[in-house]
Every structure is written in C-alpha cells, then in structure tokens.
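One structure is given here, and the rest of the page talks about it.
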Amino acid sequence: MSAEINTDILIIGAGPAGAGTALFLAKQGISCVLTDKATFPRDKVCGDALSGKVVEVLKKLDPSYLEELNAHKKFLGSWGVTFVSPNGESLRVPFGKREAQSSSPGFITKRLDFDQWLFQKAKNHPLITTYESAEIRSYERAGEHIIAHSKDGAAFRTRLVIACDGAYSSFAKNIAGIKTEAAHNCFGLRAYYSGVSGLDSANFIELHFIKDVLPGYLWIFPLPNGEANVGIGMRADKLNKKKINLKKALEKAIRENNVLRERFSRAELLGEVKLFGLPLGSLKRKLSGDNYMLCGDAAQLIDPFTGEGIGNALMSGHYAAIQAARCLKSNNFSEQFIQQYDQELYQRLWSEFQLSYRLQQLVNFPSLFNFVVRKANSNKALQETISCMFEDMDMRARLKTPAFYFKLLFS
Ligand SMILES: Cc1cc2nc3c(=O)[nH]c(=O)nc-3n(C[C@H](O)[C@H](O)[C@H](O)COP(=O)(O)OP(=O)(O)OC[C@H]3O[C@@H](n4cnc5c(N)ncnc54)[C@H](O)[C@@H]3O)c2cc1C
C-alpha cells in the first residue's frame with residue numbers, strides 16, 4: 001500500500017469497539033474506513049465472557065444477531081455466576097430470573113471466534129471498507145484533517161479518527177495525552193484448559209476469591225467442546241506492592257487450593273499462558289478532542305469490579321457513531337462540539353463505574369465477603385437481591401448503603 005486514502009471517518013482497530021462503531025455508522029447510512037494491524041481471525045487475551053450488556057447492544061445493532069449466536073456452535077449460553085468466597089464457600093447466582101427462557105442472558109466464546117464473527121459483519125457491509133495488516137504507526141495534523149500513516153506506507157486522510165486500538169492505544173497516549181495509572185489499571189493472565197472437572201451444568205461462570213490473590217480473583221469460564229478459559233487478574237498497583245507473579249499464583253492455586261486441586265487433577269493446559277492489561281473505568285478521562293473520539297479499551301472503559309469491557313466497548317461505539325453523524329451533519333469536528341460524546345457516554349456509565357469501584361474495595365475485606373456469601377446461602381431474599389444486582393443498577397446501589405449491611409446482620 002502506498003496511496004493516500006480519503007475518508008470522512010477512519011476507525012483504528014477492528015475489535016468489538018471498532019467493528020461495532022463501523023456497524024452502528026453503517027446502520028445510519030454512513031460509510032467509513034476500518035483498519036486493523038492484525039489479520040482476522042486474531043486472538044485477544046480475554047476471559048471470553050459476553051455479558052448481558054453485550055447481548056443488549058448487539059440486539060440494538062440487529063435483533064437477528066442474537067438468533068445467530070444462539071445457533072452458533074462456538075458460542076455457549078451462560079445462565080449465571082458462581083462466587084467462591086475466600087473460605088471456600090460458594091454462592092450460585094443466576095443472572096436475573098431468566099433461567100427458564102430460551103435465549104441465554106450471556107454467552108462464552110473464544111475471542112478468536114467472537115471478533116471474527118463481528119469483523120466479518122463489518123467486512124461484508126458495502127458501506128465499510130476494511131484494511132487488515134494495516135498498523136497505524138503515526139499521526140499528523142493537516143488543517144481540518146488528520147493523516148494516519150500505516151507501517152507499510154499508506155496514508156489515511158480523514159476528518160474524524162475514532163480510536164479503537166485497545167488497551168495499549170498509541171492514539172490515546174500520543175495524541176489524546178491519556179496516561180495509564182496503576183491504581184486504575186489491572187493485569188490479567190489467560191490460559192485455556194481441557195479436562196477441568198465440575199464445570200456448571202448451566203455454564204455458570206465462576207469467580208474464585210482466593211486468599212493469596214486478593215484483592216484480585218481467579219476465574220473459570222466454561223467453553224464449547226468442554227474446554228475452559230482459566231485466568232487470574234489483579235490491580236496493577238496491588239500487584240506491584242505485593243510483588244505477585246500472576247503465572248506462579250495461578251499455578252499455585254491450581255495445585256494447592258482445596259476447591260481447585262481435585263478439579264484440575266486431570267486437566268491439560270492448551271497452548272501458551274498470556275498476559276494483557278485491563279484499563280479500568282474508575283477514573284474519568286477526556287475521551288474526545290478536535291477531530292477524534294476514543295472508544296473501548298482505548299477510552300479505558302473496563303468495569304472496575306467484574307473486568308468486563310466488551311459490552312462497554314460496543315456501547316461506546318454506539319455513542320461515537322451517534323456523535324459522528326452529528327459532526328457530519330453540522331460539518332463540525334471541533335473539540336467543543338464533539339465533547340457531547342463524553343457527556344452522553346459517562347452519563348450512561350459513570351454511576352456504574354463508581355459502584356463497581358466500591359465493590360472492588362469490598363474484596364479487600366475477606367471476612368465481610370465470607371459473611372455475605374454465607375448469609376446469602378441461607379437467605380433466599382438476599383440471594384435474589386444479589387441476582388437482580390447483575391441486571392439492575394439500582395439494586396447494586398444498595399450495596400453502598402449501611403442499611404443493607406444492617407438488614408443483613410439482623411435478618
Ligand atoms: C485477561 C483479560 C480478561 C478479560 N475478560 C473479559 C471478559 O470475560 N469479558 C469482557 O467483557 N471483557 C473482558 N476483558 C476486557 C476485554 O478484553 C476488552 O475490554 C475488549 O477487548 C475491548 O475491546 P476493544 O475493541 O476496545 O479493544 P481490542 O479488543 O483490544 O481491539 C483493539 C484492536 O486494535 C488493533 N490495533 C491496536 N493497535 C493498532 C494500530 N496501531 N493500528 C491498527 N490497529 C491496531 C488490535 O489489533 C485489535 O484488533 C478482559 C481483558 C483481559 C486482558
């Protein structure tokens with residue numbers, strides 16, 4: 001490639017944020033160029049869990065997508081989550097009260113397959129021009145435009161960059177001036193296993209709050225073909241302070257933990273164990289400026305408690321596409337005009353991030369965590385409250401109030 005490519009909208013990165021933004025633009029009849037440094041299908045280190053929020057945004061894109069996911073053999077429907085507290089007691093929480101419905105509230109699928117599925121939707125759309133193996137190495141401002149230069153010499157001239165280039169976004173760092181701070185960043189390690197025993201019959205995802213890795217957690221997410229995504233994550237500042245080696249911590253937990261030892265006794269590690277960053281949404285950032293917006297991990301939108309980022313990546317793509325349409329209509333790509341994107345996105349997400357940040361701190365108190373799990377196991381109403389919290393943010397807000405713990409103690 002060596003020519004100059006002109007486009008009103010250039011999306012850098014074709015993961016969920018980038019492919020989602022392109023599809024939301026196309027839905028409004030707007031064309032764009034979508035570039036990625038990788039060639040699809042490509043892997044992305046992740047827990048591979050698609051939450052209810054992913055389902056909600058995909059439905060907005062096209063309701064038929066959900067039928068496709070339900071019928072796709074590489075997507076496994078998941079109906080809930082099991083928490084295992086530091087003392088080994090477990091609490092099984094269905095997502096809402098929908099266990100009887102035909103479509104599952106969430107899915108688990110390897111990112112290799114999910115991102116390929118979504119990218120193909122974009123690639124096949126006549127309004128979206130895709131470039132794979134097109135790594136953007138530098139950016140230059142030219143009057144009303146930004147020119148993005150790729151590794152192999154192509155130049156993309158655009159009025160609007162939508163940066164979806166992930167957790168290590170060079171656009172966010174070099175053009176938007178956003179730093180990653182250890183207290184608002186996490187590292188996660190992902191491994192694939194076969195032969196893990198005791199996986200849930202309704203494919204509940206499992207979060208294990210093991211003493212040695214607090215305030216982080218270990219996860220086991222069942223996958224199609226009887227495999228499992230197994231990983232461990234912790235906030236970067238805590239990792240540094242405690243000098244924890246995540247790989248060793250994962251191996252030790254699997255070897256020695258009372259709950260896990262037996263379940264992994266015949267398990268086999270498949271491929272490499274890989275590490276990647278999770279930029280958390282617990283700090284408000286400036287997500288736009290003259291001629292640009294940031295989406296997904298480039299905008300640091302991962303839930304500070306659950307570590308979910310795919311739903312927020314897709315959701316930010318939806319808001320960015322709405323703002324991009326306004327920019328084109330008013331022929332205005334100025335910082336002042338585009339900042340409506342930040343306002344609308346944070347209006348939707350900020351209270352969620354604040355609550356999740358509080359929940360993240362609950363894990364710093366293992367005995368309180370043990371207590372809530374024990375109590376919930378003997379109290380149906382509390383179980384339902386926790387279950388509803390996964391769907392209803394007002395319910396989740398109850399965890400912030402002293403009255404919740406008072407009732408818990410004396411109920
Ligand atoms: C260990 C771990 C576990 C996780 N578990 C979950 C989970 O279970 N559920 C969940 O919802 N979230 C999870 N997340 C978070 C989730 O993976 C991210 O939030 C999600 O991938 C964000 O999507 P994105 O499109 O913003 O970025 P990405 O998926 O990272 O996509 C970015 C794209 O940009 C491309 N790119 C990068 N630089 C350039 C460049 N210079 N030029 C061109 N292209 C470029 C990359 O090739 C990539 O395709 C996890 C993350 C980690 C690390």
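Both ligands and their constituent atoms are indexed starting at 1 by order of listing.
Among residues at least two apart or in separate chains, there is no salt bridge (Lys or Arg N to Asp or Glu O under 4.0 Å) pair with a member in residues 363-372.
Of the listed residues (Ile310, Asn229, Val45), just one forms a side-chain contact (heavy atoms from CB on, under 4.5 Å) with Arg111, and that residue is Ile310.
Under the 30°/60° scheme for interplanar angles, the aromatic rings of Phe75 and Trp117 are found to stand perpendicular. Classified by interplanar angle (parallel below 30°, tilted 30° to 60°, perpendicular above 60°), the ring pair Phe156/Tyr131 is perpendicular. Using cut-offs of 30° and 60° for the angle between ring planes, the Phe24 and His318 rings count as parallel.
Residues Arg235 and Gln360 have side chains that bring a donor and an acceptor to within less than 3.5 angstrom of each other.
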One pair per line, please: each N/O atom of ligand 1 matched with every protein N/O atom under 3.5 Å away, atom names first, then the distance to 0.1 Å.
from     : atom 1 : to     : atom 2 : distance (Å)
ligand 1 : 5 (N)  : Gly47  : N      : 2.7
ligand 1 : 8 (O)  : Asp48  : N      : 3.4
ligand 1 : 8 (O)  : Ala49  : N      : 3.1
ligand 1 : 9 (N)  : Ala49  : O      : 2.9
ligand 1 : 11 (O) : Gly309 : N      : 3.1
ligand 1 : 11 (O) : Ile310 : N      : 3.0
ligand 1 : 12 (N) : Gly309 : N      : 2.9
ligand 1 : 14 (N) : Gly307 : O      : 3.4
ligand 1 : 17 (O) : Lys44  : NZ     : 3.3
ligand 1 : 17 (O) : Arg111 : NH1    : 3.0
ligand 1 : 19 (O) : Asp297 : OD1    : 2.7
ligand 1 : 19 (O) : Asp297 : OD2    : 3.4
ligand 1 : 21 (O) : Arg111 : NH1    : 2.9
ligand 1 : 21 (O) : Arg111 : NH2    : 2.9
ligand 1 : 25 (O) : Pro16  : N      : 3.2
ligand 1 : 25 (O) : Ala17  : N      : 2.9
ligand 1 : 26 (O) : Asp297 : N      : 2.9
ligand 1 : 29 (O) : Arg111 : NH2    : 2.9
ligand 1 : 41 (N) : Ile136 : O      : 3.0
ligand 1 : 42 (N) : Ile136 : N      : 3.0
ligand 1 : 44 (N) : Lys37  : N      : 3.0
ligand 1 : 47 (O) : Asp36  : OD1    : 2.7
ligand 1 : 49 (O) : Asp36  : OD1    : 3.3
ligand 1 : 49 (O) : Asp36  : OD2    : 2.6
ligand 1 : 49 (O) : Arg42  : NE     : 2.8
ligand 1 : 49 (O) : Arg42  : NH2    : 3.0

